[in-house]
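Written below as structure tokens is the structure these notes are about.
The sequence lines fix the lettering, A, B, ..., with proteins before strands; numbering per chain opens at 1.
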Number of protein chains: 2
Amino acid sequence: MARNKRHLEQKVKKEEIELVAMALLKEKGYDNTSMAEIARSAGVAANTIYWYYENKDDVLLAVLNRVVSQAIADVMALQEQPLRTRVLMLIAQVESSGSLMTDVHSRVSHSPKVRAWHDRFHTMVEQLSVSELVKAGVNLAEALLDARVLIYVIEGLLAHPHELQEREQIVDHALKRITGQLKIPSQVKTPSQAKT
Amino acid sequence: MARNKRHLEQKVKKEEIELVAMALLKEKGYDNTSMAEIARSAGVAANTIYWYYENKDDVLLAVLNRVVSQAIADVMALQEQPLRTRVLMLIAQVESSGSLMTDVHSRVSHSPKVRAWHDRFHTMVEQLSVSELVKAGVNLAEALLDARVLIYVIEGLLAHPHELQEREQIVDHALKRITGQLKIPSQVKTPSQAKT
DNA sequence: ACCTGAACACCGTTCAAGT
DNA sequence: ACCTGAACACCGTTCAAGT
């Protein structure tokens, strides 16, 4: 029982470090968050983190896995929604993780592990996009190129700040260009035009 | 005469620091290039750089201005070439600057000066793209959105490694989606299909 | 197994001092 | 005006030592 409790609390300790790291990395980004700060927030000595993780990039990867799992879960929950809605949801979801995606890109050249994670993630998103586009009526031969275009647009939207409305416009426009025509009526009207 | 010579050599000193910094930053990126390394390569003490530049980000900006000036000059020289060629040229040009563009994105959150530079640069590229697209036959109302899509595709291509052929395919595809139809015959055939 | 204090090498930057 | 040696604060990481 005591052993059990202890075992639990140890897992909890790592969990706590990861949650604290996630909050800090989301809020302030990789470079502006020091290991010392993460440790302090988690209530441990600075070097204690190195018992759980090899280095700072490994902490980043642990956080990224959490963030991505959550994002996937959220987007999966919208299975029946139209593509437009799901793309916008994905962007909003990832955006709430602050500069994490930019951080990944900038760490790719420092850490092979981060590079591997990035490549896997990219492939996954690409496959998802292809199947989404095929479902939306794009023929398979072109879907691969269209998926790339769509992903780059999404990445661009994530890397640069946009008004919500502007973001929707760009997504709508890109999807229109890709699928040929908008399949579903959009709600891009300004709030002031809401009826009754 | 001696004063003249001296004055010249001073300008040359700054020039040398900048050229050395450009080479190093292009080759190894911002984070992997230390001020000490730049100084050593330029043959000065580490802190001497701070007489010419406020900080490391200012060195980056000086290098960026050189790189961009060169890129603009090169692309301008292709005034009469088709859009496709110029876009590919721009990508190749910027790509030769290594991870500099990624570095800009990652420094945006650290330095307001870098952010300002990034925003000005982005606006400039956007305006250029709009006028290019209008010239290519896209109607003005949609050109702004199309320009954004095109820029994000270009940024995506720059941020991720691609085979030359694959890159051309994606650019061709994006331009086809945007302009409705490819205006000029492309040479995307595989080398093995070259005739006679 | 888990955690720590102390130290290390490196970094961007500052400052007082030299010419 | 231009340049330097020495120092500073901070960083990620390591190591020997404690429980």
Side-chain angles (χ1 to χ4, degrees), chain A residues 1-18 20-21 24-25 28-64 103-104 106-114, chain B residues 1-18 20-21 24-25 28-64 103-104 106-114:
Chain A
M1 173 48 150
R3 204 174 310 177
N4 225 347
K5 176 97 178 297
R6 182 141 200 262
H7 184 255
L8 270 187
E9 273 173 3
Q10 285 164 194
K11 295 215 111 177
V12 165
K13 195 84 215 167
K14 184 176 181 183
E15 181 99 356
E16 194 185 341
I17 291 177
E18 226 163 283
V20 157
L24 287 173
L25 288 177
K28 322 199 311 165
Y30 185 90
D31 285 339
N32 291 322
T33 304
S34 70
M35 293 294 264
E37 202 173 351
I38 295 172
R40 190 174 353 107
S41 297
V44 294
N47 49 359
T48 297
I49 301 181
Y50 288 86
W51 195 87
Y52 295 102
Y53 307 94
E54 267 191 32
N55 48 41
K56 194 180 177 182
D57 285 301
D58 270 30
V59 176
L60 173 65
L61 290 180
V63 168
L64 284 172
D103 289 336
V104 171
S106 83
R107 292 307 300 172
V108 156
S109 73
H110 300 76
S111 156
K113 256 182 179 170
V114 172
Chain B
M1 176 47 153
R3 203 173 311 174
N4 226 345
K5 176 96 179 299
R6 181 137 202 263
H7 183 255
L8 271 187
E9 273 173 5
Q10 284 163 197
K11 294 217 110 175
V12 165
K13 195 84 215 167
K14 184 176 180 182
E15 181 99 356
E16 194 185 340
I17 291 177
E18 226 162 283
V20 157
L24 287 173
L25 289 177
K28 323 200 307 164
Y30 186 91
D31 285 339
N32 291 323
T33 304
S34 70
M35 293 295 262
E37 202 174 351
I38 296 172
R40 189 172 354 107
S41 297
V44 294
N47 49 0
T48 296
I49 302 180
Y50 289 85
W51 195 87
Y52 295 102
Y53 307 94
E54 268 190 33
N55 49 42
K56 194 179 178 183
D57 285 303
D58 270 31
V59 176
L60 173 65
L61 290 180
V63 168
L64 284 172
D103 289 336
V104 171
S106 82
R107 293 307 299 172
V108 156
S109 73
H110 300 76
S111 155
K113 257 183 178 169
V114 172

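Listed by chain and number, the residues in a side chain to side chain contact (heavy atoms under 4.5 Å, CB included) with S109(B) are N32(A) (sequence neighbours excluded). Among residues two or more places apart in sequence or in another chain, the side chain to side chain donor-acceptor pair (under 3.5 Å) test is passed with Y50(B) by none. Checked against side chain to side chain contact (heavy atoms under 4.5 Å, CB included), E16(B) has the following partners two or more places apart in sequence or in another chain: K13(B). Evaluation of the side chain to side chain contact (heavy atoms under 4.5 Å, CB included) rule for A45(B) yields N47(B), T48(B) as partners, not counting sequence neighbours. With sequence neighbours left out, S111(B) forms a side chain to side chain contact (heavy atoms under 4.5 Å, CB included) with D57(B), K113(B), V114(B).
Atom OH of Y53(B) is separated from atom P of dC3(D) by 12 Å (rounded to the nearest Å). When the P atom of dC2(C) is taken as reference, atom CD1 of I17(A) falls 11 Å away, rounded to whole Å. With rounding to whole Å, K14(A) atom NZ is found 16 Å from dC3(C) atom C1'.
The nearest pair of heavy atoms linking I38(A) to A21(A) is CG2-CB, 4.0 Å. For the pair E18(A) and V63(A), the tightest heavy-atom approach, listed with the atom from each and the gap, is O-CG2, 4.1 Å.
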Requested in this report: Classify every nucleotide of nucleotides 6-19 of chain C by which part a protein heavy atom approaches to under 4.0 Å, writing B for the base, S for the sugar-phosphate alone and - for neither, in 5'-to-3' order.
Outcome: B----SSBBB----
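Scanning DNA chain D for stems, defined as runs of 3 or more consecutive Watson-Crick or G-U wobble pairs whose donor-acceptor distances all fall under 3.5 Å, gives the following ranges: C:4-8 with D:12-16, C:12-16 with D:4-8.
Under the salt bridge (Lys or Arg N to Asp or Glu O under 4.0 Å) criterion, the residue pairs touching residues 31-51 of chain B are K28(B)-E37(B), with sequence neighbours excluded.
Closest approach to the V44(B) side chain among dC3(D), dT4(D), dC3(C) is made by dT4(D) (side chain taken as heavy atoms from C-beta onward). Ranking dT4(D), dC2(C), dT4(C) by closeness to the A45(A) side chain, first place goes to dT4(C).
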